[in-house]
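Here's the structure we're looking at; comments come further down.
Small disclaimer: the values here were computed from a predicted structure and weren't measured.
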Amino acid sequence: MTFATDIKTFAALGTGVIGAGWIARALAHGLDVIAWDPAPGAQAALRTRLANAWPALEKKGLAAGASLERLRFVDSIEDCVRDADFIQESAPERLDLKCELHAKISAAARPEVLIGSSTSGLLPSEFYADATHPERCVVGHPFNPVYLLPLVEVVGGAKTSPEAVQAAITVYQSLGMRPLHVRKEVPGFIADRLLEALWREALHLVNDGVATTGEIDDAIRFGAGLRWSFMGSFLTYTLAGGPAGMRHFMAQFGPALKLPWTYLEAPELTEELIDAVVEGTAEQQGERSLDALERYRDDCLLAVLEAIRQTKAKHGFAFAD
């Protein structure tokens with residue numbers, strides 16, 4: 001089957017933080033968007049989120065015809081997906097809910113239309129089990145804020161066709177994203193498994209009284225985080241190995257992997273630990289509203305992305321390299 005990749009109408013089911021991010025990205029790329037969310041007040045909350053995100057998208061650059069007016073909110077799943085050229089579901093992480101939703105979504109959608117799910121760890125083979133034409137169903141796992149961060153992990157299930165995976169990659173690229181094909185259907189995919197490992201260790205450091213939440217964030221943003229933004233871990237460690245590169249790095253620092261530096265398993269989430277994390281992050285937030293913090297985050301991301309783009313161009317790299 002040939003899957004639709006020339007997208008003019010984008011359907012979004014679920015309009016929370018992630019769903020709203022998809023909608024903002026699609027609108028910024030000049031698409032018509034049809035949205036559905038059964039939660040009370042969902043439409044008003046969505047339009048507030050879009051208004052807060054739009055200034056960053058204007059700074060980044062809007063496609064011809066891009067407008068918030070091209071959003072239409074509907075009352076049923078069928079109305080949302082019937083005329084869509086691409087469908088993205090961003091419902092809560094509950095397997096039973098996903099199964100029920102995708103049975104309805106896939107029954108109402110045209111058979112050549114791709115269906116993506118924003119799940120961060122549920123396996124597509126499980127929640128697409130009752131889908132109509134499951135060969136066109138994929139995971140498209142983005143990162144917050146979806147309207148600025150380019151990464152999207154694309155994962156196929158047992159019944160997903162290779163052609164659908166490649167077609168989904170094409171669609172996400174048309175939205176200005178950097179698709180990463182996850183080769184195996186594994187829990188947590190790639191990025192979240194890495195993030196969870198760091199998160200577990202951070203919670204242990206708070207729990208053990210080693211550092212506050214702010215100090216841990218400083219350890220990331222003034223150290224490794226700066227390198228990660230343009231070079232990742234493996235290339236960074238290749239440079240750390242000196243002229244001999246990664247082989248020397250592995251020989252020199254590999255034995256340290258056996259040292260008891262990390263806990264691996266997460267600490268018990270006691271009330272004391274939760275209070276420490278909440279109090280620490282409240283102190284970091286200070287008097288700033290969440291909307292103000294989101295605008296600050298967006299401006300920082302725009303600056304970092306533009307700096308990386310310019311520096312890559314100077315050194316002959318494409319932005320996606």
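Listed here is the closest heavy atom pair of E135 and A164: O-CB, 3.1 Å. Nearest approach of C137 to T160, heavy atoms of both residues: O-OG1, 2.7 Å. The nearest pair of heavy atoms linking A42 to F73 is CB-CZ, 4.0 Å. What you find for R193 and P187 is that their closest heavy atoms are CD-O, 3.3 Å. A pairwise comparison of heavy atoms in R136 and V113 identifies NH1-O, 2.6 Å as the closest pair. Residues D85 and K8 share a closest heavy-atom pair of OD2-N, 3.0 Å.
Around CE of M231, the count of heavy atoms belonging to other residues, nucleotides or ligands within 6.0 Å exceeds 12. Within 6.0 Å of the CZ atom in F143, the count of heavy atoms belonging to other residues, nucleotides or ligands exceeds 12. More than 12 heavy-atom neighbours from other residues, nucleotides or ligands sit within 6.0 angstrom of CG on D275. Under a cut-off of 6.0 angstrom, the local environment of CZ in F317 is sparse, with at most 12 non-hydrogen atoms contributed by other residues, nucleotides or ligands.
With respect to T119, the side chain to side chain donor-acceptor pair (under 3.5 Å) criterion is satisfied by exactly one of E93, E126, E89: E93.
In this structure, OG1 on T5 lies 8.0 Å from CG on L114, to the nearest 0.5 angstrom. Between the CG atom in L13 and the OG atom in S118 there is a gap of 10.0 Å [rounded to 0.5 Å]. Expressed to the nearest 0.5 Å, how far OG of S233 lies from CZ of R227 amounts to 8.0 Å. Rounding to the nearest 0.5 angstrom, the gap separating the NE2 atom in H29 from the CZ atom in R70 is 13.0 Å. We find the CH2-CD1 distance between W36 and I77 to be 4.0 Å, quoted to the nearest 0.5 Å. Expressed to the nearest 0.5 Å, how far CZ of F86 lies from CD of Q88 amounts to 5.0 Å.
With contacts defined as side-chain heavy-atom distances shorter than 4.5 Å, the pair P55/R295 does not qualify. Within the 4.5 Å cutoff, the side chain of F127 has no heavy atoms near those of the L97 side chain. Side chains of R72 and V33 form no contact here, defined as non-hydrogen atoms less than 4.5 Å apart. In this structure, V146 and I18 have side chains that are in contact, with non-hydrogen atoms separated by less than 4.5 Å. Here the side chains of K104 and L101 are not in contact, with every heavy-atom distance at 4.5 Å or above. Contact annotation: the side chain of L180 never approaches that of V152 to less than 4.5 Å [non-hydrogen atoms, C-beta and beyond]. In this structure, the side chains of I115 and I105 come closer than 4.5 Å at one or more pairs of heavy atoms. Contact annotation: the side chain of T170 never approaches that of F3 to less than 4.5 Å [non-hydrogen atoms, C-beta and beyond].
Using a 4.5 Å cut-off between side-chain heavy atoms of Ile, Leu, Val, Met, Phe, Trp and Tyr, with links allowed through other members, L122 and V186 fall into different hydrophobic clusters. The cluster map of Ile, Leu, Val, Met, Phe, Trp and Tyr, joined by side-chain heavy atoms under 4.5 Å apart, puts I216 and V210 in the same cluster. When the side chains of ILVMFWY residues are joined at heavy-atom separations under 4.5 Å, either directly or via intervening members, L301 and I308 end up in two distinct hydrophobic clusters. Under the 4.5 Å side-chain heavy-atom criterion for Ile, Leu, Val, Met, Phe, Trp and Tyr, V304 and L195 are members of distinct hydrophobic clusters. Hydrophobic clustering (side-chain heavy atoms under 4.5 Å, transitive across Ile, Leu, Val, Met, Phe, Trp, Tyr) groups M1 together with I87.
T213 and Q284 share a donor-acceptor pair across their side chains, judged by distance under 3.5 Å alone.
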* To do: Decide side-chain contact (heavy atoms from CB on, under 4.5 Å) for T9 and L31; before the verdict, give the C-alpha distance in whole Å, the side-chain angles of both, and the deciding distance to 0.1 Å.
  => CA-CA 6 Å; T9 301; L31 301 183; over 6 Å; no
* Asked: Stepwise, does the side-chain contact (heavy atoms from CB on, under 4.5 Å) test hold for W54 with L27?
  -> CA-CA 10 Å; W54 205 249; L27 290 171; 3.9 Å; yes
* To do: Would you check, one step at a time, whether the test side-chain contact (heavy atoms from CB on, under 4.5 Å) holds for Y147 with L57?
  => CA-CA 8 Å; Y147 53 87; L57 288 165; 4.1 Å; yes
* Take F10 and L175, measure what side-chain contact (heavy atoms from CB on, under 4.5 Å) needs, and give me the verdict at the end. => CA-CA 11 Å; F10 184 100; L175 293 172; 4.0 Å; yes
* To do: Test Y172 against W22 for ring-ring contact (aromatic ring centres under 6.0 Å, His included), laying out the working first.
  => CA-CA 11 Å; Y172 289 131; W22 278 115; 5.5 Å; yes
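Proximity of a side-chain donor or acceptor of E153 to a complementary backbone N or O of I190 within less than 3.5 Å is detected. Between the side chain of Q310 and the main chain of A307, no donor-acceptor pair closer than 3.5 Å is present. A distance-only check finds a donor-acceptor pair linking the side chain of R25 to the backbone of L149 [under 3.5 Å]. For E100 (side chain) and L95 (main-chain N/O), no donor-acceptor pair under 3.5 Å exists by modelled atom type. In terms of modelled atom types and a separation under 3.5 Å, the side chain of S125 and the main chain of A158 share a donor-acceptor contact. A donor-acceptor contact shorter than 3.5 Å is absent between the side chain of D79 and the backbone of V74. A side-chain donor-acceptor contact under 3.5 Å links H204 to the backbone of E265. With hydrogens and angles disregarded, no donor-acceptor distance shorter than 3.5 Å links the side chain of S106 to the backbone of A131.
Within the structure, every pair that satisfies the salt bridge (Lys or Arg N to Asp or Glu O under 4.0 Å) test and touches residues 47-69, not counting sequence neighbours, is listed here: K59-D299.
A salt bridge links R309 with E306: the distance from a Lys NZ or Arg NE/NH1/NH2 to an Asp or Glu carboxylate oxygen falls below 4.0 Å.
Ring-plane geometry between Y128 and H102 is classed as perpendicular, the angle between the planes exceeding 60 degrees on a 0 to 90 degree scale with a lower cut at 30.
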